Novice: 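Sharing a structure below in structure tokens format, with a few things to ask.
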Amino acid sequence: MTSPWEYAPAPESRELADLKPSYRMFVDGEFVDGGGQTIKTVNPATEETLAEVASADTGDVDRAVAAARRAYDQVWSKLPGKERAKYLFRIARLIQERGRELAVLETLDNGKPIKESRDVDVPTAAAHFFHHAGWADKLDHAGFGPHPKPLGVAGQVIPWNFPLLMLAWKIAPALACGNTVVLKPAETTPLSALVFADICRQAGLPAGVVNIVPGAGDVGAALVAHSDVDKVAFTGSTEVGKQIQRTVAGTGKKLTLELGGKAANIVFDDAPVDQTVEGIVNGIFFNQGHVCCAGSRLLVQESVAEELLEKLRTRVSALRVGDPLDKNTDVGAINSAEQLSRITELTASGETEGAQRWSSPCELPERGFFFAPTVFSRVQQSMRIAREEIFGPVLSVLTFRTPDEAIAKANNTPYGLSAGIWTEKGSRILWAAQKLRAGVVWANTFNRFDPTAPFGGYRESGFGREGGRAGLEAYLDV
């Protein structure tokens with residue numbers, strides 16, 4: 001089924017991104033050449049090279065950490081909280097002022113729809129800096145003792161699915177608490193981090209307080225292992241998170257990890273069907289499913305499964321897949337050829353193992369990395385598509401008969417990042433939320449984020465919290 005509405009193309013101008021042919025790393029307040037091999041960052045919607053980006057080597061990591069240490073010792077840790085707050089407020093305002101530039105750049109580099117970059121990523125990134133600016137002079141009253149101290153230099157490694165937003169989640173609390181930062185953006189999406197470096201300069205942030213070192217996994221590994229880094233924060237895969245935990249074990253470094261997920265989205269028989277369908281779509285197809293907390297396992301009570309699946313397929317058929325810069329696009333491009341290959345391989349395994357595949361009949365662009373939104377029914381818990389994180393626009397549907405069975409199936413995973421509950425009974429929401437082993441539980445909604453609310457998981461989804469008062473603890477010596 002195609003959409004009953006035909007939309008004329010409404011592309012955002014790529015000129016707003018002010019794209020440069022080349023970008024350099026940012027160390028000690030200056031843009032400098034890197035010693036590593038140059039990275040060519042690619043537009044996943046067209047497969048064209050967007051820009052060349054200087055990559056760091058181990059010597060560059062050393063220089064960045066040394067710059068962060070000097071800035072910490074000589075300037076940043078000595079500033080009173082109200083002065084640090086002024087810089088964070090400036091950064092937040094500059095993110096807002098340069099919002100259209102950042103949104104277009106993020107869409108070009110990442111592949112996500114412009115309406116998501118514009119309406120979610122950029123405003124929420126600014127909100128995190130505003131929120132943490134408010135905390136900078138109130139740390140004595142945050143509940144961590146009368147005089148909490150910063151840790152020192154924070155080494156931070158972020159993923160490619162929300163490049164600017166993950167940067168804000170990491171840098172804002174670190175700076176608010178008095179730490180300095182060396183951040184490594186993802187290899188495939190470094191551009192918004194380097195424009196953020198320019199925002200730091202524009203805000204007059206003292207040299208060395210924020211340093212950006214692009215590169216591949218070896219750069220992240222050098223940063224994590226550096227002897228003068230006091231705190232490591234990582235968002236990414238569980239496999240890499242385990243390697244990082246082994247690296248920092250016994251070093252005394254403080255560590256937070258936000259890793260993979262296989263979230264259960266539970267639909268009880270009294271749930272409002274149309275609202276639930278919208279929540280399911282948002283839970284798995286937002287950002288092409290490139291979301292650690294995506295509701296990738298749909299658990300539906302058996303008595304309403306057929307009706308809900310029929311409405312879900314109709315709704316998914318209407319999703320517009322295509323040019324991420326088009327304001328009408330709902331599902332953009334998969335971030336890389338490597339990720340598209342993984343999604344394709346895992347969906348093929350679902351068919352091989354006996355699940356029933358249904359994919360949207362949408363037309364996919366001839367160029368670029370695109371994948372049609374897909375729903376699997378008749379899924380068993382033993383199947384790979386029910387156990388492994390696909391990190392793409394693929395939903396696995398399982399059924400249950402009783403609430404206890406729903407909880408048992410939802411918790412049958414090594415992950416524990418998020419979950420969703422759909423029901424009209426408030427008592428059932430509270431009951432299920434207590435039983436679900438997940439760090440974040442949404443009720444009659446999904447993928448709702450706010451800088452005042454902590455986010456994080458446990459088990460193989462990591463540990464520690466980001467956001468809110470609880471998230472400050474990760475950057476304080478308490």
Side-chain angles (χ1 to χ4, degrees), residues 119-120 124 127 131 143 258 261-287 289 291-316 375 377 379 381 386 395-413 415-459 461-463 465-471:
D119 298 342
V120 179
T124 312
H131 172 74
E258 195 261 281
K262 194 69 179 173
N265 211 358
I266 305 173
V267 180
F268 291 99
D269 57 5
D270 63 334
V273 177
D274 291 336
Q275 177 187 342
T276 300
V277 166
E278 290 302 312
I280 293 165
V281 169
N282 178 55
I284 185 58
F285 300 119
F286 172 67
N287 198 36
V291 186
C292 297
C293 57
S296 54
R297 285 186 301 146
L298 181 64
L299 304 180
V300 188
Q301 198 147 11
E302 209 171 79
S303 58
V304 296
E306 188 174 333
E307 176 192 3
L308 185 128
L309 271 172
E310 183 179 348
K311 290 198 171 189
L312 179 61
R313 293 184 185 118
T314 299
R315 179 68 182 90
V316 174
V375 177
S377 56
V379 176
Q381 294 182 87
L395 179 66
S396 298
V397 183
L398 301 92
T399 60
F400 65 90
R401 292 184 178 179
T402 67
D404 285 333
E405 182 187 355
I407 299 300
K409 286 185 173 181
N411 288 338
N412 184 23
T413 173
Y415 297 108
L417 189 55
S418 63
I421 305 165
W422 298 85
T423 175
E424 288 192 342
K425 294 184 176 69
S427 58
R428 181 176 281 167
I429 290 170
L430 295 173
W431 172 84
Q434 290 177 328
K435 298 283 188 181
L436 288 166
R437 290 182 286 180
V440 177
V441 179
W442 287 290
N444 294 328
T445 188
F446 211 92
N447 277 339
R448 292 282 179 170
F449 298 99
D450 190 282
T452 65
F455 178 86
Y458 68 111
R459 297 197 289 176
S461 290
F463 49 82
R465 293 294 178 265
E466 294 180 296
R469 184 186 64 81

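Predicted model, so just to flag it, every value in this text is computed and none were measured. Both backbone and side-chain heavy atoms feed into the values below; hydrogens, waters and symmetry mates do not. Positions are given from 1, in the same order as the sequence printed here.
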Novice: More than 12 foreign heavy atoms under 6.0 Å from CD of E306: is that the case here?
Specialist: no

Novice: Would you find a donor on one side and an acceptor on the other, under 3.5 Å apart, between the side chain of Q301 and the backbone of F400?
Specialist: no

Novice: Measure the spacing between SG of C293 and CZ of F455 and express it to the nearest 0.5 Å.
Specialist: 4.0 Å

Novice: Taking all non-hydrogen atoms of both residues, which atom of A419 and which atom of L436 are closest, and how far apart?
Specialist: CB-CD1, 3.8 Å

Novice: List the atom of S296, the atom of L395, and the distance in Å for their closest heavy-atom pair.
Specialist: O-CD1, 3.6 Å

Novice: What heavy-atom pair brings G261 and S461 nearest, and what distance separates the two atoms?
Specialist: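 Smallest heavy-atom distance, with atoms named: CA-OG, 4.0 Å.
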
Novice: Indicate the atoms forming the closest heavy-atom contact of A305 with V300, along with that distance.
Specialist: CA-CG1, 3.6 Å

Novice: Got a donor-acceptor contact below 3.5 angstrom from the R465 side chain to the G457 backbone?
Specialist: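 Judged by distance alone, yes, a pair lies under 3.5 Å.
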
Novice: Return all side-chain donor-acceptor pairs below 3.5 angstrom for residues 268-286, not counting sequence neighbours, or 'none' if the list is empty.
Specialist:
from	atom 1	to	atom 2	distance (Å)
D270	OD1	T423	OG1	2.8
D270	OD1	R428	NH1	3.3
D270	OD2	T423	OG1	2.9
D270	OD2	E424	N	3.2
D270	OD2	K425	NZ	3.3
D274	OD1	K311	NZ	3.1
Q275	NE2	N444	O	3.3
T276	OG1	P272	O	2.7
E278	OE1	R315	NE	3.4
E278	OE2	R315	NE	2.6
N282	ND2	F446	O	2.8

Novice: With heavy-atom distances below 4.5 Å as the criterion, would you say the side chains of L298 and V267 are in contact?
Specialist: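 Yes, side chains in contact.
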
Novice: Taking atom CZ of F449 and atom CG of N447, what is their separation to the nearest 0.5 Å?
Specialist: 4.5 Å

Novice: Hey, are the side chains of E258 and F463 touching, using non-hydrogen atoms and a 4.5 Å cut-off?
Specialist: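 No; the side chains remain at least 4.5 Å from each other.
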
Novice: Side chains of D450 and T452: any donor to acceptor distance under 3.5 Å?
Specialist: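 Yes, because at least one side-chain N or O of T452 sits under 3.5 Å from a partner of the opposite role on D450.
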
Novice: Write down the atom of G289, the atom of A294, and the distance for their closest heavy-atom approach.
Specialist: O-CB, 4.3 Å

Novice: For N265 and G420, work out which heavy atoms get closest and say how close.
Specialist: OD1-CA, 3.4 Å

Novice: Ignoring hydrogens and angles, write down the donor-acceptor pairs under 3.5 Å from the side chains of residues 406-413, residues two or more places apart or on other chains.
Specialist:
from	atom 1	to	atom 2	distance (Å)
K409	NZ	T399	O	2.6
K409	NZ	E405	OE2	3.1
N411	OD1	R437	N	2.9
N411	ND2	K435	O	3.1
N412	ND2	Q381	OE1	2.8
T413	OG1	Y415	N	3.1

Novice: Please identify each residue that fulfils side-chain hydrogen bond (donor to acceptor under 3.5 Å, both in side chains) with E466, with sequence neighbours left out.
Specialist: K170

Novice: Report yes if the side chains of W442 and R448 come closer than 4.5 Å at any heavy-atom pair, otherwise no.
Specialist: yes

